Amino acid sequence: MPADSRSPEMSVSDLILYISCPRRVYFTSRGFELIAEMNASRLERMLLKELALTYPEILNKCSLNADSLYHELDAALDRAQKDLPLLFPGELKETGQEMLEEAAAAARARLQEITSNLLLALEEYGREPLLAAVTPVKTESLLSSARLNLKGVPSKLVCFEGTLVPSIIRPGNCPTQGVWASDRLRAAAFTLLLENESGKEVPFAFVEYAAFGLLRRVTVRSADRREVLKISRRVEKIKAGFMPEKKEGKLCSHCSFAEHCSSGSSLMSKFF
Ligand code: SF4
């Protein structure tokens, strides 16, 4: 089959899974489910991501002093708490109200820092550029490339300085400077996918660290593109049946594949 007529087999999340552990790609590609435990900390991250999606509306309407910004964020967090079970009915079906309240309290404890950082960004970049950087032209739209055999859904596409660029909302920790290596890989992968769809060069992407109200611009270099292509080829090989070596690490202790993984490759080959 010619390469361009394939529908993509790999997703950007496969590439991210590969850098956490190549064997996880092997198991998920064979129908095993990577079970992410639902707990207050995961719910908190989900709430903070929903909150980040409201920044454009908030920055547009309020008078942008610390009090009004905090008040608007607080109200938006209340709405996110109410909406979350409607937005993710599958993930939250076993989740009690108590856990959701614990998560909302933890998210609310972050609001002061988010408010300060958004105000600093307004001061540093100006209202219009900041609004352009956070306002979606499209939200969670599928990007796909038969040529790369890759697909993925960035949090947003935003139009900044006349260029359509991907923006990724990350609800976890934030590095002191720049972005985490996994976020750089995401940014580069979405950039390649967007270039494939638009036919135009996409020189950078944004990463929003939602728990901090920080926006980081990532210049996508050739080395980042090379990394996406290199990992894509490795993931392709795994999906075709190659089982990578076990990479013993701290993830193993709470990995849902641990039992299968420790069975060893000879036993695994009996199953697959
Ligand atoms: S148990 Fe460890 S090596 Fe095996 S899949 Fe999980 S994280 Fe990877």
Side-chain angles (χ1 to χ4, degrees), residues 6-46 48-49 88 90-95 99 103 106 148-155 168-176 178-190 192-193 207 209-211 218 223-272:
R6 291 178 299 182
S7 63
E9 288 163 8
M10 290 182 292
S11 64
V12 173
S13 56
D14 289 327
L15 311 189
I16 302 303
L17 197 58
Y18 178 92
I19 56 173
S20 77
C21 171
R23 268 205 180 183
R24 286 184 157 189
V25 177
Y26 182 87
F27 289 117
T28 52
S29 69
R30 270 144 193 84
F32 284 82
E33 212 182 330
L34 184 64
I35 299 159
E37 190 199 346
M38 185 53 80
N39 52 30
S41 150
R42 186 162 164 222
L43 282 174
E44 180 196 347
R45 293 197 296 275
M46 291 168 85
L48 288 166
K49 187 170 176 188
F88 304 97
E91 286 96 325
L92 270 74
K93 69 174 184 286
E94 310 282 345
T95 305
M99 192 189 282
L148 295 164
N149 193 18
L150 187 67
K151 62 188 172 194
V153 180
S155 312
I168 307 154
I169 301 176
R170 301 296 302 147
N173 271 336
C174 170
T176 317
V179 299
W180 301 117
S182 55
D183 293 333
R184 178 169 283 285
L185 186 72
R186 279 188 181 89
F190 288 132
L192 278 161
L193 286 172
V207 179
Y209 287 104
V218 190
D224 304 319
R225 294 162 183 268
R226 202 174 290 122
E227 191 68 4
V228 172
L229 299 179
K230 183 181 86 184
I231 293 176
S232 296
R233 287 181 190 121
R234 291 182 182 172
V235 169
E236 240 167 0
K237 205 169 141 192
I238 293 170
K239 287 191 171 241
F242 170 74
M243 186 161 77
E245 284 300 311
K246 182 170 180 175
K247 190 174 143 188
E248 196 79 51
K250 57 181 180 200
L251 285 179
C252 299
S253 60
H254 55 273
C255 175
S256 43
F257 308 135
E259 198 186 321
H260 305 293
C261 199
S262 57
S263 309
S265 46
S266 55
L267 185 57
M268 289 301 306
S269 61
K270 286 186 191 165
F271 293 123
F272 306 113

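Because the structure is predicted, anything quoted here is derived from the model rather than measured. Order of appearance sets the numbers: ligands from 1, and atoms from 1 within every ligand.
The Cys261 neighbourhood of ligand 1 comprises atoms 1 (S), 3 (S), 4 (Fe), 5 (S), with distances under 4.0 Å to a heavy atom of that residue. Those atoms of ligand 1 that come under 4.0 Å of a heavy atom in Ala258, given as number and element, are 1 (S). Those atoms of ligand 1 that come under 4.0 Å of a heavy atom in Arg24, given as number and element, are 5 (S), 7 (S). For ligand 1, the atoms closer than 4.0 angstrom to any heavy atom of Arg23 are 5 (S).
Distance check for Cys252 against atom 2 (Fe) of ligand 1: an N/O/S atom falls below 2.8 Å. Among the atoms of Cys255, an N, O or S atom falls under 2.8 Å from atom 6 (Fe) of ligand 1.
Across Arg234, Arg24, Arg23, a single residue satisfies side-chain contact (heavy atoms from CB on, under 4.5 Å) together with Tyr18, and that is Arg234.
Between Phe27 and Phe32, the ring planes are perpendicular. Angles over 60° get that label, and only those under 30° would be called parallel.
Here Lys239 does not pair with Glu236 in a salt bridge; the nearest charged N to carboxylate O distance is not below 4.0 Å.
In this structure, the side chains of Met46 and Leu92 come closer than 4.5 Å at one or more pairs of heavy atoms.
The protein non-hydrogen atom at the shortest distance from atom 8 (Fe) of ligand 1 is Cys21 SG, 2.3 Å.
Within a 6.0 Å sphere centred on NZ of Lys237, heavy atoms belonging to other residues, nucleotides or ligands number 12 at most.
Here the shortest heavy-atom pairing between Trp180 and Cys174 reads CZ2-C, 3.6 Å.
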